[in-house]
Amino acid sequence: MEIKFILNGKKIATEIGADTILLDLLRKYKCYSVKRGCETSNCGLCTVFLDDKPVLSCSIPAARVDGRNVTTLEGLQKEAEEFGAFIADQGAEQCGFCNPGFMMNAIALLRENANPTDDEIKAYLAGNLCRCSGYEGQLRGIRAYIEYRNGVNNVR
């Protein structure tokens, strides 16, 4: 079947099989930030934006993106680069495997809630699995980024 969608601002028309999942389609288009982790919708590694809302691409049939807008971390380079520096400053990117999914969800959170509490951050990011950290560095990085954006600590 043919589908048409927008991927990171670029129009795409492609043939897919009825059983193609979004994660596989995105990797075909070299969106390598979208990673295969658990394939059970439990780790957050495959998070992308579908019409600006975070979804797990391992559990979305590719046919469902027909006529829609898909954004991966590759499409958010400026926003991700700035935010990622704060995560790195806190030592929270040890192996880096979880970072793209984590960053997609953190960006979505901050778009919805510009000044979340620590509990709101933890609740929003609960579906992101990281095997290296205790999540405290990531929380500190998000908090530092929020302070920077709010002009509290404009060190950058």
Side-chain angles (χ1 to χ4, degrees), residues 1-90 92-116 120-121 123-133 135 137-138 141-142 144-146 148-150 156:
M1 90 179 51
E2 182 182 47
I3 63 168
K4 295 177 181 176
F5 67 105
I6 297 173
L7 175 59
N8 297 327
K10 180 181 176 187
K11 292 181 181 181
I12 303 286
T14 190
E15 287 288 326
I16 61 164
D19 62 345
T20 303
I21 61 170
L22 181 55
L23 182 147
D24 292 331
L25 179 62
L26 296 174
R27 299 218 20 120
K28 173 184 168 185
Y29 283 95
K30 300 187 183 344
C31 295
Y32 297 128
S33 69
V34 183
K35 297 183 180 167
R36 186 179 310 281
C38 65
E39 294 189 272
T40 59
S41 303
N42 287 310
C43 71
L45 294 176
C46 65
T47 301
V48 299
F49 291 167
L50 181 57
D51 296 331
D52 294 322
K53 297 290 182 197
V55 298
L56 299 171
S57 64
C58 74
S59 59
I60 303 283
R64 293 201 46 212
V65 304
D66 189 36
R68 298 176 80 182
N69 187 8
V70 178
T71 306
T72 67
L73 197 60
E74 287 85 356
L76 299 173
Q77 284 302 298
K78 183 179 182 212
E79 197 170 0
E81 184 179 328
E82 184 177 62
F83 173 66
F86 286 88
I87 299 301
D89 284 349
Q90 295 299 321
E93 68 169 9
Q94 294 173 22
C95 83
F97 193 68
C98 70
N99 280 359
F102 172 79
M103 289 176 67
M104 291 294 290
N105 279 306
I107 288 168
L109 165 66
L110 296 174
R111 286 179 176 183
E112 289 179 21
N113 182 351
N115 197 22
E120 289 170 328
I121 294 169
Y124 200 96
L125 300 176
N128 287 86
L129 179 64
C130 176
R131 297 187 190 277
C132 297
S133 77
Y135 301 98
Q138 293 164 334
I142 292 171
Y145 179 65
I146 291 168
Y148 167 74
R149 281 192 348 183
N150 292 341
R156 291 232 173 266

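In terms of heavy atoms, Gln90 sits closest to Gly137 at CB-O, 3.3 Å. Smallest separation of non-hydrogen atoms from Leu7 and Cys31: CD2-SG, 3.9 Å. The two residues Pro54 and Ala108 come nearest to each other via the heavy atoms CG-CB, 3.7 Å. Summarising the geometry of Ser57 relative to Val34, their closest heavy-atom pair is OG-CG1, 3.3 Å, with the distance given to 0.1 Å.
The salt bridge (Lys or Arg N to Asp or Glu O under 4.0 Å) pairs that include a residue from residues 67-77 are Asp51-Arg68, where partners are two or more places apart or lie in different chains. Within the structure, salt bridge (Lys or Arg N to Asp or Glu O under 4.0 Å) contacts touching residues 8-17 (residues at least two apart or in different chains) do not occur.
Between Ile3 and Leu25, some side-chain heavy-atom pair lies under the 4.5 Å cut-off. Side-chain atoms of Cys58 and Thr40, non-hydrogen and from C-beta on, never get closer than 4.5 Å to each other. In this structure, the side chains of Leu22 and Cys46 stay at 4.5 Å or more apart for every pair of heavy atoms. Counting only heavy atoms from C-beta outward, the side chains of Cys38 and Leu129 never approach each other to under 4.5 Å. Residues Lys4 and Asp66 form a side-chain contact, since some pair of their non-hydrogen atoms from C-beta on lies under 4.5 Å apart.
From Asn128, atom CG reaches atom CG of Asn42 across 11.5 Å, with rounding to the nearest 0.5 Å. Atom SG of residue Cys43 and atom CG of residue Leu56 lie 7.5 Å apart, to the nearest 0.5 angstrom. Distance check: Met103 CE to Glu81 CD gives 9.0 Å after rounding to the nearest 0.5 Å. Separating the CZ atom in Phe83 from the CG atom in Leu73 is a distance of 10.5 Å, to the nearest 0.5 Å. Taken to the nearest 0.5 Å, the CG atom of Leu26 stands 11.5 Å off from the OG1 atom of Thr20.
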Problem - Evaluation steps, side chain to side chain contact (heavy atoms under 4.5 Å, CB included), between Thr47 and Phe102 - result: CA-CA 8 Å; Thr47 301; Phe102 172 79; over 6 Å; no
Practice task
Check the pair Ile142, Leu125 against side chain to side chain contact (heavy atoms under 4.5 Å, CB included), reporting the backbone distance first and the verdict last.
Solution key: CA-CA 11 Å; Ile142 292 171; Leu125 300 176; 3.4 Å; yes
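When only modelled atom types and interatomic distance are considered, Tyr29 and Thr72 share no side-chain donor-acceptor pair under 3.5 Å.
Take Arg36 and apply the side-chain contact (heavy atoms from CB on, under 4.5 Å) test, not counting sequence neighbours, and it matches Ile21, Leu23, Asp24, Glu39. Not counting sequence neighbours, Arg64 has no partner by the salt bridge (charged side-chain N to carboxylate O under 4.0 Å, His left out) test. With sequence neighbours excluded, the residues satisfying side-chain hydrogen bond (donor to acceptor under 3.5 Å, both in side chains) with Asn113 are Glu120. Residues that satisfy the side-chain hydrogen bond (donor to acceptor under 3.5 Å, both in side chains) test with Glu79, not counting sequence neighbours, are Arg111. For the side-chain contact (heavy atoms from CB on, under 4.5 Å) test, no residue two or more places apart in sequence or in another chain qualifies with Ala123. Under the rule for a ring pair (Phe, Tyr, Trp, His ring centres under 6.0 Å), Phe5 has no partner lying at least two apart in sequence or in another chain. Applying the side-chain hydrogen bond (donor to acceptor under 3.5 Å, both in side chains) test to Ser59 and every residue at least two apart in sequence or in another chain returns Ser41. Contacts of Ala114 classified as side-chain contact (heavy atoms from CB on, under 4.5 Å), with partners at least two apart in sequence or in another chain: Arg149. With sequence neighbours excluded, the residues satisfying side-chain contact (heavy atoms from CB on, under 4.5 Å) with Thr71 are Asn8, Phe49, Asn69, Leu76. For the side-chain hydrogen bond (donor to acceptor under 3.5 Å, both in side chains) test, no residue two or more places apart in sequence or in another chain qualifies with Tyr32.
Under a cut-off of 6.0 angstrom, the local environment of NZ in Lys28 is crowded, with over 12 non-hydrogen atoms contributed by other residues, nucleotides or ligands.
Between Phe86 and Tyr148, the ring planes lie tilted relative to each other; the angle falls in the 30° to 60° range.
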